[in-house]
Amino acid sequence: MKIRKGLYIQWNKEIFKIIDFLHVKPGKGYAFIRTKLKNLVTGHVLENKFSSKHKLKEVNIEFHSYRYLYKKRDIFYFMNDNTYDKIQIEERLIINNINIEFLKKGMKIPIFFSCKK
């Protein structure tokens, strides 16, 4: 896999977007790749070095804008703004960092999907 900006990877059981990278070949030692990664869930940016031999797992991510409709029991209902398709998401599948009590009807929310290639 070739590292590039905009690539989504799974590392340390989390998904990150590569926002910058630089191949470094020091005079002594092995080459490495210096990366700047953005956590897809938390939004935190961190810098990390990967050995040029390190294998990264690429993840195919899609996201669409959805409008929050309502909650019934532990199920949240959303509608795609473009296709008007409705989806249901169980409360347990919504990431803990999201304050679901602040969701308001009609609020636009980006929803990320991990897709198989």
Side-chain angles (χ1 to χ4, degrees):
M1 167 183 57
K2 187 172 181 166
I3 291 183
R4 63 185 186 279
K5 288 183 182 181
L7 182 70
Y8 292 97
I9 61 168
Q10 184 174 5
W11 179 64
N12 285 348
K13 298 182 181 179
E14 295 186 272
I15 297 177
F16 293 89
K17 180 179 183 179
I18 297 175
I19 55 176
D20 201 10
F21 72 98
L22 177 67
H23 289 274
V24 178
K25 175 98 170 94
K28 291 184 178 180
Y30 294 103
F32 62 90
I33 302 165
R34 182 178 294 136
T35 61
K36 192 177 282 190
L37 307 170
K38 182 175 183 178
N39 188 307
L40 189 63
V41 175
T42 65
H44 292 111
V45 176
L46 60 97
E47 293 184 13
N48 191 53
K49 294 179 187 175
F50 293 103
S51 161
S52 58
K53 298 176 184 179
H54 190 90
K55 299 289 183 193
L56 296 173
K57 182 179 178 184
E58 183 178 356
V59 180
N60 191 15
I61 299 289
E62 288 183 11
F63 69 95
H64 302 281
S65 179
Y66 280 82
R67 194 169 299 277
Y68 173 60
L69 298 175
Y70 60 93
K71 177 184 176 186
K72 189 172 184 181
R73 295 190 187 96
D74 63 343
I75 306 286
F76 288 85
Y77 294 84
F78 299 90
M79 179 182 68
N80 186 307
D81 278 344
N82 298 324
T83 64
Y84 302 107
D85 291 336
K86 294 180 184 171
I87 62 169
Q88 305 168 6
I89 302 177
E90 291 182 37
E91 187 171 357
R92 68 179 178 81
L93 296 176
I94 296 177
I95 298 168
N96 294 339
N97 296 6
I98 307 289
N99 291 324
I100 54 180
E101 64 269 8
F102 294 117
L103 285 177
K104 302 288 183 212
K105 290 183 180 180
M107 182 182 279
K108 281 184 155 183
I109 299 171
I111 297 182
F112 295 85
F113 299 91
S114 176
C115 306
K116 293 186 178 184
K117 288 187 169 187

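No hydrogens, no waters, no symmetry mates; every other heavy atom, side chains included, goes into these values. Just so you know, residue 1 is the first one in the sequence shown, and it goes up from there.
Every side chain to side chain contact (heavy atoms under 4.5 Å, CB included) that Lys53 has, sequence neighbours left out, goes to Tyr30, Ser51. Annotation: salt bridge (charged side-chain N to carboxylate O under 4.0 Å, His left out) contacts of Lys36 (sequence neighbours excluded): none. Residues that satisfy the side-chain hydrogen bond (donor to acceptor under 3.5 Å, both in side chains) test with Asn39, not counting sequence neighbours, are Glu14. The salt bridge (charged side-chain N to carboxylate O under 4.0 Å, His left out) test applied to Glu90 returns Arg92, not counting sequence neighbours. Checked against side chain to side chain contact (heavy atoms under 4.5 Å, CB included), Ile87 has the following partners two or more places apart in sequence or in another chain: Tyr66, Phe78, Ile89, Ile111, Phe113. With sequence neighbours excluded, no residue forms a ring-ring contact (aromatic ring centres under 6.0 Å, His included) with Phe32. With sequence neighbours excluded, no residue forms a ring-ring contact (aromatic ring centres under 6.0 Å, His included) with His64. His44 meets the ring-ring contact (aromatic ring centres under 6.0 Å, His included) test with no other residue; sequence neighbours excluded.
Between Ile15 and Phe112 the shortest side-chain heavy-atom distance does not fall below 4.5 Å.
Atom CZ in Phe50 sits 7.0 Å away from atom CD1 in Ile18 (nearest 0.5 Å). One finds the CD atom of Gln10 at 11.5 Å from the CG atom of Leu40 (value rounded to the nearest 0.5 Å). Rounded to the nearest 0.5 angstrom, Trp11 CH2 and Leu46 CG are separated by 5.5 Å. Separation of atoms NE2 (His54) and CD1 (Ile33) is listed at 9.5 Å; rounding is to 0.5 Å. In this structure, CG on Asn80 lies 7.5 Å from OG on Ser65, to the nearest 0.5 angstrom. For the atom pair Glu58 CD and Ile3 CD1, the distance stands at 10.5 Å (nearest 0.5 Å).
The two residues Pro26 and Ala31 have their closest heavy-atom pair at CD-CA, 4.1 Å.
Under a 4.5 Å side-chain heavy-atom cut-off, the cluster of Ile, Leu, Val, Met, Phe, Trp and Tyr residues that includes Val45 is completed by Ile19. Hydrophobic clustering, defined by side-chain heavy atoms of Ile, Leu, Val, Met, Phe, Trp and Tyr closer than 4.5 Å, groups Met79 together with Leu69, Tyr70, Ile75, Tyr77, Tyr84.
The neighbour count for Phe63 CZ, taken as heavy atoms of other residues, nucleotides or ligands under 6.0 Å away, does not exceed 12.
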* To do: Using the side chain to side chain contact (heavy atoms under 4.5 Å, CB included) rule, take Leu56 and Leu7 through it: C-alpha gap first, then chi angles, then the decisive distance, then the call.
  => CA-CA 11 Å; Leu56 296 173; Leu7 182 70; 6.0 Å; no

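Applying the salt bridge (Lys or Arg N to Asp or Glu O under 4.0 Å) rule to pairs touching residues 15-28 yields Lys5-Asp20, sequence neighbours excluded. Annotation: salt bridge (Lys or Arg N to Asp or Glu O under 4.0 Å) contacts involving residues 62-89, sequence neighbours excluded, comprise Arg67-Asp81, Lys71-Glu91, Asp81-Lys108.
Checked options Thr35, Val59, Leu37; the residue passing with Phe16 is Leu37 (criterion: side-chain contact (heavy atoms from CB on, under 4.5 Å)).
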